[in-house]
Amino acid sequence: MKKMKVLLVDDEIEFVTTLSNRLGMRGIKTDVVHDGEQALEYVKKDEPDVMVLDLKMPGMYGMEVLRQLSKTNPNIQVVILTGHGTDRDEDESKRLKAFDYLRKPTDIDTLADRIQGAYSFKMESIMTAATFAEAGEFDTAREIAKESESPKTVGEMFKDEEKK
Amino acid sequence: MSSRGVACYAPTKEVICTKIKQIDCRRAGKKRVYMSGLSLRTAQLQVLGGALAHLAHDVQNHLAIINESAGWMKDLMEYKSKKRLGRIGSLFNRGKQRAVLEPYMNNLKAIETHIKQASIITRRLGSFAHGLEKSRSVFDPGKVLEEIQDVLMKQTSDKGIRLELKLTGEALMIETDPSVFQLAVFENVEYVMKTLESGDCLTLESGLWEGQFQVRLTGPCSGGVIKNSGKQDFNWYIIENLGGQIQKRFVDEECVTIMAFALTGSEERD
């Protein structure tokens, strides 16, 4: 079974280190970066399934990271975890299709649930798209894939199927 | 008094019109004073609202760290993952030793409860918030000073101090939070006014000095001048978030307060 890849992006080192440890105890292994630029660099090398993203960070603001990801890597499920949280930010993150929006301090089990939920959503979308593709419903599969899955994986699978 | 006498005091149409105009002018004057007072308070509240949003965010961050640290201790004591017990918990988990942990657990629960309460309060404070996105930006501080000049005039005239503004026409771009920049100017003016007396003149200049954008406040060097005040006199929040240098110089010859910022660009203003 594919192992879930989670990236935590937060400039508060003490906070994010402890968070990573606690998620680890709950069976969720995570990598950690401390600003938006590092997050985008990380994504280029190794795309995570779920990203837990702070908003207010030095350099690139978290919302800008989300905006870029929504264009380049729409398959990454993003959970916003912020100490700020205006309604405007929440609305904007929903518009950019963030999976969830949580405010700090949050309950660890709630966060772990949301991460699992985001991963399940992604995997379900892949499986659904794959099922349609297997049945020869390529257009439907492609639509599902567009909404939530990476063109690198399902997209390539379509090409193989269509060649047959 | 005869009826003729009364009649000679009867106001003419012109007198009545003049009186009405005078009354209207007085009312308008009072209304202007009232409205300018309101606009001063509104502008100050707007600036404070922005500052408050940042403060609320910073407090939330500290609460989150405390919450995670307390939670981590709790995890170590009691959390049972699929593979193992919390490390400390496993030491105490046998028999009566479990009771040893109880006071620690109770205190950690109390910490968590109070963090939740404190968090609700700071969220309420944050509801004053402006969005933090783009709070730090590259902007023309001269324009910001122009926007608040009426409020600055009101702030000083209320105490009988004449404010002379000499703002640069050049767009000198700096990078910081505009609302904190405004707050710093207001606070700076307020601070300098403590050394002034009614009737004194205060000059606020902005421009390019020593390759930096500077806001200089110069007052007369009369009695009560604060000598060689350091930047510690400033609000810590401003120092932390302004991203510029604040130098205070109150010396006998030169009574001036300086806020200095590195330039990120300059151009002719439209």
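Letters A, B, ... are given to chains in the order of the sequence lines, protein chains preceding strands, and every chain is numbered from 1.
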(message) Checking an interface table here. Which of residues 6-15 of chain A come within a heavy-atom distance under 4.5 Å of chain B?
(response) A:Glu12, A:Glu14, A:Phe15

(message) The criterion is ring pair (Phe, Tyr, Trp, His ring centres under 6.0 Å); which residues satisfy it with B:Phe261, sequence neighbours excluded?
(response) B:Phe181

(message) Given heavy-atom pairs under 4.5 angstrom as the criterion, report whether the side chain, backbone, both or neither of A:Leu19 touches chain B.
(response) both

(request) Under the side chain to side chain contact (heavy atoms under 4.5 Å, CB included) rule, what do A:Arg26 and A:Asp109 come out as? Steps first, then yes or no, please. (result) CA-CA 9 Å; A:Arg26 285 155 179 81; A:Asp109 293 317; 2.8 Å; yes

(message) Under 3.5 Å, is there a donor on one side chain and an acceptor on the other for B:Ser69 and A:Thr18?
(response) no

(request) Flag the one option from B:Asn67, B:Val59, B:Ile66 with the top tally of heavy-atom pairs under 4.5 Å to chain A. (result) B:Asn67

(request) Using a strict 4.0 Å threshold on nitrogen-to-oxygen distance, state whether A:Arg103 and A:Glu90 make a salt bridge. (result) yes

(message) To check you understand the geometry: which heavy-atom pair defines the closest contact between A:Val43 and A:Pro48, and what is its length?
(response) CG2-CD, 4.0 Å

(message) If only side-chain N and O atoms count, and only distance matters, is there a donor-acceptor pair under 3.5 Å linking A:Asp100 with A:Gln77?
(response) no

(request) May I ask you to decide whether A:Lys5 forms a salt bridge with A:Asp31, counting only side-chain N to carboxylate O separations under 4.0 Å? (result) no

